[in-house]
Structures are given as structure tokens and as C-alpha cells.
Amino acid sequence: MGLGVSVRAPSLVVGAGLLLAATAAWAALLAIGDEMPMGAGLWLGAWTAMMAAMMLPSASPLVLLYGRRSTASHSALLTAGYLLVWAATGLVAYEVVMRLPNPGNRVVGAVLIAAGLYELTPLKTACLKRCRSPVDFLVTHWHPGKLGALRLGVEHGAYCVGCCWALMSVLVVAGSMSLAWVVAIALVVAGEKLLPGGQLLGRVAGVGFLVAGIIVVVV
């Protein structure tokens, strides 16, 4: 599989689509505010919009690179597969929210400590490496055709869940999915995946979660 600059789906078209989708998702979050809607269907819809707003910017390098060697419709399928994985995580998040509507300090502290520890593990590092290397990912995971595009998105989404599930647990339990926490976690995710020192940023965030978790539990 080659990753040259032969263009069938101009990056401008794919980039415009990503920008439009992310902008619409953020607009939806602003309209929802700090209170997630009641009912499983509406809640999962809001969760999916949240994931699109938070994750599409950091996934854009992969989608744009894929768009250089594919069609716009295939790029859309890749994006759909990626978001499908993140939408599915909403089932777990919804169950947590239903069972722990008002988590106490010990639960919040435990989640912060667990998230901090995970940020320092080799598994986190391995998943983050996949998310930070779109060229390597496409070379090693390329699948042809429409189903291949969807599968590629699902596989990349799975690695991103492996990279970011602990951050999302902090968002759900400690942050109660407020807009301020959504923005903060989204910035950490984007920084980890896009900045040159992203891996170091993840470790700093991990230490910060650890310290915060210990303080919450002790105090």
C-alpha cells in the first residue's frame, strides 16, 4: 500500500467535512449544557456528540492522510467506524452513571488514582503510539474497499479507546461530564496525540490524577 500524494479525494474536502462535523458536535454540546438529557436514547446521542467533539480533532491526521489515497465516501466510512466505537463506549458510561448518580469522594478518588496509574502503564504507551503514528497505522492496518475503510476506522477507534478510556472515566465520574471537564479532557487528548511532547504530557497528567486522587481520598 502506497501513501503517495496521488489525490482522488482532496484533503480540503475531507478536512472540511471533519471541521463541519466537529463544529456541529461542539455546537450540540453547548446547546445541551452541563446536564445530560434523560432517557437512554437521548443520553447516548448526547454522548456520541461529545465523543465526536472531543476525538475528531485528534483523529484528523489519520483521516486526512487516508483521504489522499481514497475517496471522500471511504474517508466518511472510516470516520463513521471510528465514531461507532466511541459511541459504543457510551453504553458502559451510561451504566456507570445510572449506578453511581452521586459518587462519593472515595469513588472519585479511586477513579482518579486508577486513571493516573493507567497513564503510566506500557499498555497506555503502546495504544498512544498507534494513535500518534497515522502513517505507520495505515501501512500496517490497510484494508481495501468500503468495508475495509469502516474496519480501519473501527480498529483505530479501538486503539484510541485503549489510549483514552481512563481519561473518559475521569470525565464521567469525577467531572460529571460538565462542559469545563469536557474541554479540559479534550485538550489533554489532543495534546497527547498531536503535540511533539504528547507522551510526556500524558505522564504528567497521570501524575496529576494520582496526586488529586490521593488528596480527594485523604481529605
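Computed from heavy atoms alone, side chains included, the values below leave out hydrogens, waters and symmetry copies.
- The CZ atom of Phe137 sits 15.5 Å away from the CZ atom of Arg132 when rounded to the nearest 0.5 Å.
- Side-chain contact between Cys160 and Lys193: present, with at least one pair of heavy atoms (C-beta onward) separated by less than 4.5 Å.
- Distance check, rounded to the nearest 0.5 Å: CG of Leu78 to CG of Leu150 gives 8.5 Å.
- Contact between Leu56 and Ala21 at its shortest, heavy atoms only, is CD1-CB, 3.8 Å.
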Problem set entry | Test side-chain contact (heavy atoms from CB on, under 4.5 Å) applied to Met168 and Met55, step by step | CA-CA 11 Å; Met168 296 307 167; Met55 304 308 297; 3.6 Å; yes
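- In terms of hydrophobic clustering, with Ile, Leu, Val, Met, Phe, Trp and Tyr side chains grouped at heavy-atom distances under 4.5 Å, Val170 and Val96 are assigned to a common cluster.
- Side-chain contact between Met50 and Leu171 is present, with at least one heavy-atom pair separated by less than 4.5 Å.
- The salt bridge (charged side-chain N to carboxylate O under 4.0 Å, His left out) analysis of residues 149-167, with sequence neighbours excluded, yields the pairs Arg151-Glu155.
- Contact check for Glu119 versus Arg203: no side-chain heavy atoms found under the 4.5 Å cut-off.
- Shown here for Val188 and Ala205, the closest heavy-atom pair between the two residues is CG1-CB, 4.3 Å.
- Partners of Trp181 according to the ring-ring contact (aromatic ring centres under 6.0 Å, His included) rule, which considers only residues two or more places apart in sequence or in another chain, do not exist here.
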Problem set entry | Test side-chain contact (heavy atoms from CB on, under 4.5 Å) applied to Leu18 and Leu64, step by step | CA-CA 9 Å; Leu18 286 171; Leu64 291 172; 4.2 Å; yes
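- Of all the heavy atoms in Ser169 and Ala115, the pair that sits closest is OG-CB, 4.4 Å.
- Hydrophobic clustering keeps Leu201 apart from Leu112 (ILVMFWY residues linked when any side-chain heavy atoms are closer than 4.5 Å, directly or through intermediates).
- Looking at heavy atoms from C-beta onward, Val97 lies in side-chain contact with Met177 at the 4.5 angstrom threshold.
- To the nearest 0.5 Å, the span separating OH on Tyr159 from SG on Cys131 amounts to 9.5 Å.
- Within a 6.0 Å radius of CG in Leu91, more than 12 heavy atoms belonging to other residues, nucleotides or ligands are found.
- The backbone N or O of Leu20 lies less than 3.5 Å from no partner atom in the side chain of Thr23, so there is not a single donor-acceptor pair.
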Taking only distance into account, with no hydrogens and no angle test, what donor-acceptor pairs under 3.5 Å do side-chain atoms of residues 98-110 form with protein atoms, sequence neighbours excluded?
{"unit_1": "Arg99", "atom_1": "NE", "unit_2": "Glu95", "atom_2": "OE2", "d": "2.5"}
{"unit_1": "Arg99", "atom_1": "NH2", "unit_2": "Glu95", "atom_2": "OE2", "d": "3.1"}

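- In this structure, Phe209 and Val111 have side chains that are not in contact, with every pair of non-hydrogen atoms separated by 4.5 Å or more.
- For the pair Glu192 and Lys124, the salt-bridge criterion is met [side-chain N within less than 4.0 Å of a carboxylate O].
- Ring pair Tyr66/Trp142 is tilted by interplanar angle, where 30° to 60° counts as tilted.
- Grouping the Ile, Leu, Val, Met, Phe, Trp and Tyr side chains by contacts below 4.5 angstrom, directly or via other members, places Leu147 apart from Leu77.
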For this session: Evaluate side-chain hydrogen bond (donor to acceptor under 3.5 Å, both in side chains) for Ser176 paired with Ser178, printing each intermediate quantity in order.
Result: CA-CA 6 Å; Ser176 300; Ser178 69; over 6 Å; no
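- At a threshold of 4.5 Å between non-hydrogen side-chain atoms, the residues Arg68 and Val14 do not count as touching.
- Panel note: side chain His156, backbone Leu152; no donor-acceptor pair is recorded below 3.5 Å.
- Counting only residues at least two apart or on different chains, the ring-ring contact (aromatic ring centres under 6.0 Å, His included) pairs with a member in residues 89-125 are Trp43-Tyr94, Tyr118-Trp165.
- Evaluation of the side-chain contact (heavy atoms from CB on, under 4.5 Å) rule for Thr89 yields Trp47, Trp86, Val161 as partners, not counting sequence neighbours.
- Between Val183 and Met54, the closest side-chain pair of non-hydrogen atoms is not below 4.5 Å.
- Both Val85 and Leu138 belong to a common hydrophobic cluster when Ile, Leu, Val, Met, Phe, Trp and Tyr are linked at side-chain heavy-atom distances under 4.5 angstrom.
- Atom OG in Ser60 sits 11.0 Å away from atom CG in Leu65 (nearest 0.5 Å).
- For the pair Ile32 and Ala46, the tightest heavy-atom approach, listed with the atom from each and the gap, is CD1-CB, 3.6 Å.
- Looking at heavy atoms from C-beta onward, Leu120 lies in side-chain contact with Leu210 at the 4.5 angstrom threshold.
- Here the closest heavy-atom approach between residue Ala87 and residue Thr48 is recorded as CB-OG1, 3.4 Å.
- Here the CG-CG distance, from Leu187 to Leu194, works out to 11.0 Å after rounding to the nearest 0.5 Å.
- Leu62 and Leu83 fall within a single hydrophobic cluster, where Ile, Leu, Val, Met, Phe, Trp and Tyr side chains are chained together by heavy-atom contacts under 4.5 Å.
- Contact between Ser58 and Tyr82 at its shortest, heavy atoms only, is OG-OH, 4.4 Å.
- With rounding to the nearest 0.5 Å, the separation of NZ in Lys129 from CD in Gln199 is 8.5 Å.
- For Thr121 (side chain) and Leu117 (main-chain N/O), no donor-acceptor pair under 3.5 Å exists by modelled atom type.
- Listed by first and then second residue, the salt bridge (charged side-chain N to carboxylate O under 4.0 Å, His left out) pairs that reach into residues 15-31 come to none, sequence neighbours excluded.
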